[in-house]
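Working notes for the structure below.
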2 protein chains.
Amino acid sequence: MEEILLIDDDVELCSMLADYLGRYGFHVSAVHRGDTGLKEAVKKQYALILLDVMLPGLDGFEVLKRIRGASSVNILLLTARGEDVDRIVGLEIGADDYLPKPFNPRELLARMRAILRRSSGAEATLEPTLLRADGLELNTAARTVSQNGKRIELTDVEFALLESLLHSPGKVVTREELAEKVLGREFHPFDRSLDMHISRLRRKLSGSGTEDDLVKTVRGTGYQLAVHSGASTPKD
Amino acid sequence: MEEILLIDDDVELCSMLADYLGRYGFHVSAVHRGDTGLKEAVKKQYALILLDVMLPGLDGFEVLKRIRGASSVNILLLTARGEDVDRIVGLEIGADDYLPKPFNPRELLARMRAILRRSSGAEATLEPTLLRADGLELNTAARTVSQNGKRIELTDVEFALLESLLHSPGKVVTREELAEKVLGREFHPFDRSLDMHISRLRRKLSGSGTEDDLVKTVRGTGYQLAVHSGASTPKD
DNA sequence: TCCTACTGTGACCATTTGTTACATTTTGCT
DNA sequence: AGCAAAATGTAACAAATGGTCACAGTAGGA
């Protein structure tokens, strides 16, 4: 059931829409003031917000702007009586679409679906690419790494290295594999640069006092990310 | 070569625009009266009609209405006075877009292209195409960008650059790709202009203090737009 | 015409990455 | 155990890569 927030001071319209949209699989929460609407909009994660322009408490445009400052939730603007100026400004401020009042509920439904279709498609690119193990967290989308909540700055090679290790925590990753994935070239027995990068990575990760070292060497084979706490991401 | 019909009584403006647009691959036919404009509009199939509102012979709105009666050709309205009334009425009658005079030829070009793009594609609505991530919002229809609700002014190259990155937030885009899409040429290893544009773009985006920089460098490969607040990753 | 904004280029600098050399550890052998 | 060879760790330096300043060229607008 998709959660919809309806911000409109017309109580009767609200209940009518809640009823209508309810029949099509939407759950509508309605508030009738701009300020409370804004609060609600940022508090909860709605699939879509229907926002009227003429509002008591806080103007609809203002609400729109402030929501946009905090979130990229879908917003469909409802403009009071044919005021097309509103449409224009609304679109430029960042509404996903607009609908002039009075509107046909059917058309509203169609537009809502269009917006949701678009955004669900786009969402596929926003995969939550988090790799975790043992207090380590690597976010490939944000390209950040933190250890026990503390941010760690890594260079690109170090990042790729940790990413490869974190892909299968506890498993040994061969030098050959690492060379290919991290350095993008074949491994040569006398190439020491991998060792260097491991060394640098270790220095940046805390708990590098010989024992408890997160990155363990497997002599003759490769490296492995030590896993102490059982909580990890089963990826294979 | 796209055929454009320009209906405007300002002869000088007409020749200036014909010249300007000609340089961008449009062929502009100009007429200076409403009635002759109407005739021309229905006689031939134009890709787009630029229609001034204040016209001798026949009022611009009237022309618009009558053209619409016979054809669904693209129409961009040029409003003489900045009076919003014009805009409103124009859109309600059925113009695809409007542009208040005096306008920047560049903006006209951008809007013309937007209309043509829309009409050649499937949709013919006024829906904006919004690309978002992490407080950033890029509106390809209005050609605007804002960050956390605040408008940001970008040059064409910067806009194209951000657009390319925003197409796949959190993913690395190679230099080769960017060079082709943004600069329209092949990437040459010693070409530093991409770097410059990235640099300039970063400066305009807030949060450019090394860390949490929205535009991340992936050494040896390209760039990536960092996504921190994945809309799909609720922390609780 | 001048003025302005945008784009591209060369130069210079900081950071990252690779290499060499040497220290240290491990392993195998006697 | 003692020793040598092999593997790994790391410091120091060199090379590559990217960031940005400053300037030049260009195009558009006044």
Side-chain angles (χ1 to χ4, degrees), chain A residues 143 152-162 172-176 178-179 181-205 208-211 213-224, chain B residues 12-13 15-24 101-110 143 153-162 172-176 178-179 182-205 208-211 213-224:
Chain A
R143 210 148 237 285
I152 298 181
E153 296 298 331
L154 298 183
T155 70
D156 289 295
V157 176
E158 287 152 14
F159 186 89
L161 195 49
L162 186 57
V172 182
V173 187
T174 66
R175 285 165 164 274
E176 286 74 15
L178 289 175
K181 286 196 189 167
V182 175
L183 306 177
R185 53 174 130 108
E186 230 171 89
F187 177 69
H188 288 287
F190 291 123
D191 190 339
R192 312 302 318 290
S193 77
L194 253 188
D195 303 65
M196 262 324 297
H197 289 297
I198 288 282
S199 171
R200 286 166 177 152
L201 177 58
R202 277 174 173 151
R203 205 183 311 168
K204 291 189 183 176
L205 298 176
S208 294
T210 24
E211 198 109 356
D213 199 340
L214 273 170
V215 181
K216 302 250 175 172
T217 304
V218 181
R219 200 184 175 82
T221 312
Y223 297 89
Q224 141 190 53
Chain B
E12 197 168 327
L13 178 78
S15 96
M16 190 278 281
L17 276 184
D19 187 46
Y20 178 79
L21 293 175
R23 268 176 275 143
Y24 291 95
K101 286 186 182 179
F103 53 79
N104 181 331
R106 257 197 175 161
E107 183 168 7
L108 174 65
L109 185 62
R143 230 184 164 64
E153 297 296 333
L154 297 183
T155 69
D156 291 342
V157 176
E158 286 153 12
F159 187 89
L161 195 48
L162 186 57
V172 182
V173 187
T174 65
R175 284 164 164 275
E176 286 74 16
L178 289 175
V182 175
L183 305 176
R185 54 172 128 109
E186 229 170 89
F187 177 69
H188 198 285
F190 290 122
D191 191 338
R192 310 302 316 291
S193 77
L194 252 188
D195 304 62
M196 259 331 289
H197 289 296
I198 287 281
S199 172
R200 286 164 178 152
L201 177 58
R202 277 176 173 149
R203 207 181 311 167
K204 290 187 183 179
L205 298 176
S208 294
T210 19
E211 188 165 332
D213 199 340
L214 272 170
V215 181
K216 300 253 175 167
T217 304
V218 181
R219 186 176 251 255
T221 311
Y223 296 90
Q224 145 181 13

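Protein chains get the first letters and strands the later ones, always in sequence-line order, with residue 1 at the start of each. Because only heavy atoms are used, hydrogens play no part in the values below, and waters and symmetry mates are left out as well, while side chains stay in.
- Taking side-chain N and O atoms only, Arg175(A) has a distance below 4.0 Å to OP1 or OP2 of dT8(D).
- Note that the CD atom of Glu153(A) and the OG1 atom of Thr155(A) stand 10.5 Å from one another [nearest 0.5 Å].
- The side chain of Tyr223(A) places an N or O atom within less than 4.0 Å of a non-bridging phosphate oxygen (OP1 or OP2) of dG9(D).
- In this structure Thr174(B) satisfies the side-chain contact (heavy atoms from CB on, under 4.5 Å) test together with Glu176(B), Glu177(B), Thr221(B), sequence neighbours excluded.
- Residues passing the side-chain contact (heavy atoms from CB on, under 4.5 Å) test with Gln224(A) are Val172(A), Lys216(A), Val218(A), sequence neighbours excluded.
- Residues forming a side-chain contact (heavy atoms from CB on, under 4.5 Å) with Ala160(A) (at least two apart in sequence, or on another chain): Val182(A).
- Protein atom CD of Glu158(B) is 14 Å distant from nucleotide atom C1' of dT20(D), rounded to whole Å.
- The salt bridge (Lys or Arg N to Asp or Glu O under 4.0 Å) search around Glu186(B) returns none, not counting sequence neighbours.
- Along DNA chain C, read 5' to 3', the first and last nucleotides having any atom under 4.0 Å from a heavy atom of chain A are dT16(C) to dT27(C).
- Checked by atom type and distance alone, the side chain of Arg202(A) pairs as donor or acceptor with a backbone atom of Val215(A) at under 3.5 Å.
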Give each protein N/O atom lying under 3.5 Å from an N/O atom of nucleotides 24-29 of chain D, with the pair distance.
residue: dG28(D); atom: OP1; partner: Arg23(B); partner atom: NH1; Å: 2.7
residue: dG28(D); atom: OP2; partner: Arg23(B); partner atom: NH1; Å: 3.2

Could you give the side-chain donor-acceptor pairs of residues 15-24 of chain B under 3.5 Å, partners two or more places apart or in another chain?
residue: Ser15(B); atom: OG; partner: Glu12(B); partner atom: O; Å: 3.4
residue: Asp19(B); atom: OD2; partner: Arg23(B); partner atom: NH2; Å: 3.4

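- Residue Ile198(A) contributes atom CD1, which lies 11 Å from atom C1' of dT8(D) at whole-angstrom precision.
- For the pair Arg185(B) (side chain) and Ala179(B) (backbone), a donor-acceptor distance under 3.5 Å is absent.
- With sequence neighbours excluded, the residues satisfying side-chain hydrogen bond (donor to acceptor under 3.5 Å, both in side chains) with Asp195(A) are Arg175(A), Arg192(A).
- Between Gly220(B) and Gly222(A), it is Gly222(A) whose nearest contact on DNA chain D lies nearer the 5' terminus.
- Within residues 188-196 of chain A, the residues having any heavy atom closer than 4.0 Å to DNA chain C are, in order of number, Asp191(A), Arg192(A), Ser193(A), Met196(A).
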Taking only N/O atoms, report every protein-nucleotides 3-6 of chain D pair under 3.5 Å with atom names and distance.
residue: dA6(D); atom: N3; partner: Arg219(A); partner atom: NH2; Å: 3.4

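- Between dG19(D) and Thr217(B), a contact under 4.0 Å exists linking OP1 or OP2 to a side-chain N or O.
- Looking at residues two or more places apart in sequence or on another chain, you find a side-chain hydrogen bond (donor to acceptor under 3.5 Å, both in side chains) between Ser193(B) and Asp191(B).
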